[in-house]
2 protein chains.
Amino acid sequence: MSPISIAAPPSATPGFDPASRFPPGFLEGFGVRDLPGGYLLATPGQPLDQVFIVRSGRVRVYLASEARELSLAILEPGDVFVTHTPTFVQTLEPVTLWVLGTREFAARLAREPSITPAIMRVLGRILSNAVALVEDLAFRDVPARLARFLVRQAEQRGVMEADGCLLPLRLGTEDIACLLGTTRQSVSSQMNQWQREGLLTRRSRHALLIHDLPALALRSLASSG
Amino acid sequence: MSPISIAAPPSATPGFDPASRFPPGFLEGFGVRDLPGGYLLATPGQPLDQVFIVRSGRVRVYLASEARELSLAILEPGDVFVTHTPTFVQTLEPVTLWVLGTREFAARLAREPSITPAIMRVLGRILSNAVALVEDLAFRDVPARLARFLVRQAEQRGVMEADGCLLPLRLGTEDIACLLGTTRQSVSSQMNQWQREGLLTRRSRHALLIHDLPALALRSLASSG
DNA sequence: GGTGTTTTGTCGGCTGGCCGACGGAAAGCC
DNA sequence: GGCTTTCCGTCGGCCAGCCGACAAAACACC
């Protein structure tokens with residue numbers, strides 16, 4: 001999950017084994033935890049430091065003020081995160097996680113230093129994503145953010161077809177708006193604008209057909225400052 | 001340097017030894033590098049991965065679009081950073097750094113696992129700061145961001161006096177605007193607004209006297225969404 | 001202390017995008 | 001199929017804050 005995303009790894013092909021992402025034996029020591037959908041597993045208030053990896057299901061990481069929410073990432077199987085940051089973390093559906101306390105994790109690293117470089121890469125990627133998110137908010141207007149979002153989604157999940165790139169979306173308009181730091185209305189109107197221009201077609205509520213990907217990419221360049 | 005800041009450690013008291021922040025012997029292996037003012041030591045393009053620590057002088061970390069710049073942090077002696085992120089890093093004045101390549105750094109961690117927890121704490125703090133920055137941009141309007149900035153500065157560097165808290169500022173209006181993701185004009189007018197309300201006095205170009213810190217803190221709460 | 005340069009204060013116009021409201025469409029549910 | 005509920009599209013009003021422009025002040029340098 002991408003343009004606005006703080007999570008660790010690159011894209012996930014559907015139907016793969018999340019454990020295959022990690023060195024053999026890496027997951028030993030992690031606890032397995034099953035959670036129901038809608039479960040809030042971390043808040044800014046009580047930071048029970050934990051490293052977790054999503055095994056199945058989706059998890060949303062977000063910030064909230066009194067009036068609004070901003071999704072930082074929607075984690076999918078294989079994604080890594082640390083509850084060491086002042087964010088809310090909530091399951092979107094029933095979820096299975098691998099979990100380990102940060103202290104134990106650090107001790108583990110100390111015992112098996114060979115995995116340290118891999119971890120540093122993951123952390124570096126998380127930080128890079130956070131920086132990219134700041135860049136998006138500071139420099140790009142809503143159309144550009146939305147275009148970027150769609151292009152990235154297409155790169156990750158798009159399926160080429162005769163008349164364009166079919167993009168299965170598991171998010172509603174409101175969810176997208178929340179990822180982009182804007183409103184339902186702005187996303188909706190922009191999307192329909194592009195539909196009228198022939199850039200894309202709303203195939204169904206959860207599928208989008210992008211006809212002109214390059215044109216979208218063009219609109220994803222900075223234009224708000 | 002704070003409300004908008006991605007850098008690692010808490011505040012620095014002036015005239016301290018930056019090396020004292022780290023475990024004895026930690027800095028062995030680091031190279032020492034002297035750079036002139038205005039030197040650009042990293043850009044998003046070529047990520048020569050390095051871990052560096054500021055020994056003296058100030059360093060600015062920022063993002064740039066064609067039309068605008070956003071400062072992520074102004075690093076001071078003792079601050080740690082990684083050029084592993086797609087940002088610009090530039091010296092503001094002549095600077096001395098301790099530098100080590102990320103590969104060597106990781107190897108070092110692998111050899112001396114005892115310092116790993118400390119490093120994870122530093123990375124966690126950097127990430128938390130980045131998240132806080134996103135929060136600022138997404139949820140707070142300009143007055144709130146500015147108020148927060150001033151309050152934090154006061155906490156870190158302010159000197160209590162009879163008629164308030166004297167705040168030595170090494171930044172101009174434009175620099176502050178750049179840290180807050182806004183414009184010179186907005187900062188200026190808001191500051192003078194508060195001056196008229198008696199909250200603060202512009203003592204000189206580089207010094208500010210804050211009379212009513214609590215009132216400022218009140219204005220630093222979210223109000224743009 | 002005069003003179004050029006940089007920094008700051010202020011104003012008005014303009015606009016992106018938020019907000020509230022409401023009708024229509026799709027999807028779930030029996 | 002009918003019903004309910006959730007989701008989506010669109011419009012008009014409104015406002016924060018950016019932009020350009022210019023004057024005044026602070027500072028630096030001789």
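Residue numbers start from 1 in every chain, and the chains themselves are labelled A, B, ... in the order their sequence lines are given, proteins ahead of strands. Values below: every heavy atom of this structure, side chains too, minus hydrogens, waters and symmetry copies.
- Following rounding to the nearest Å, Arg205(B) (CZ) and dT6(C) (C1') show an atom-to-atom distance of 7 Å.
- Computed from coordinates, the Gln195(A) CD to dC8(D) C1' distance equals 12 Å when rounded to whole Å.
- Both His206(A) and Gln193(B) lie close to DNA chain C; mapped to their nearest nucleotides by heavy-atom distance, the more 5′-ward contact belongs to Gln193(B).
- Inspection of the His211(A) and Thr201(A) side chains reveals an N or O donor paired with an N or O acceptor under 3.5 Å.
- In this structure, the CG atom of Leu180(A) is 18 Å from the P atom of dG16(C), given to the nearest Å.
- The side chain of Ser204(A) approaches dA27(C) more closely than any other nucleotide in the set dG9(D), dA27(C), dT10(C).
- Across the protein-nucleic acid pair, Leu146(B) atom CG and dT8(C) atom P stand 13 Å apart, rounded to whole Å.
- Using a 4.5 Å cut-off on side-chain heavy atoms (C-beta onward), Ile176(B) and Leu146(B) make contact.
- When the nucleotides dG17(C), dC18(D), dC22(D) are ranked by their closest atom to the side chain of Ser186(A), dG17(C) comes out on top.
- As a whole-Å value, the separation of Leu70(A) CG from dC18(C) C1' is 15 Å.
- Nucleic acid contact for Ser189(A): none, since no nucleic acid atom lies under 4.0 Å from a heavy atom of the residue.
- Rounding to whole angstrom units, CZ of residue Arg145(A) and C1' of dG17(C) are separated by 10 Å.
- For the pair Ser220(B) (side chain) and Ala147(B) (backbone), a donor-acceptor distance under 3.5 Å is absent.
- Set against dT10(C), dG9(C), dG9(D), the side chain of Arg196(B) has dT10(C) as its closest nucleotide.
- Between Arg219(A) and Val151(A) there is no side-chain heavy-atom pair separated by less than 4.5 Å.
- Distances shorter than 4.0 Å separate none of the side-chain N or O atoms of Ser188(B) from OP1 or OP2 on dT10(C).
- The side chain of Gln185(B) lies closest to dA21(D) when the candidates are dC22(C), dA21(D), dG17(C).
- One atom, CZ of Arg68(A), and another, P of dC18(C), lie 6 Å apart when rounded to the nearest Å.
- Side-chain to base pairing of Arg184(B) with dG9(C): one donor and one acceptor N or O lie within less than 3.5 Å of each other.
- Closest to the Thr183(A) side chain, of the nucleotides dG9(D), dG17(D), dC18(C), is dC18(C).
- Atom pair Arg202(A):CZ and dG9(D):C1' shows a separation of 11 Å (rounding to whole Å applied).
- Using a 4.0 Å cut-off between a side-chain N of Lys or Arg and a carboxylate O of Asp or Glu, Arg60(A) and Glu69(A) qualify as a salt bridge.
- Listed candidates were dC18(C), dG9(D), dG9(C). Nearest to the side chain of Asn192(A) is dG9(D).
- Checked against dC18(D), dC18(C), dC8(D), the side chain of Val142(B) finds its nearest nucleotide in dC18(D).
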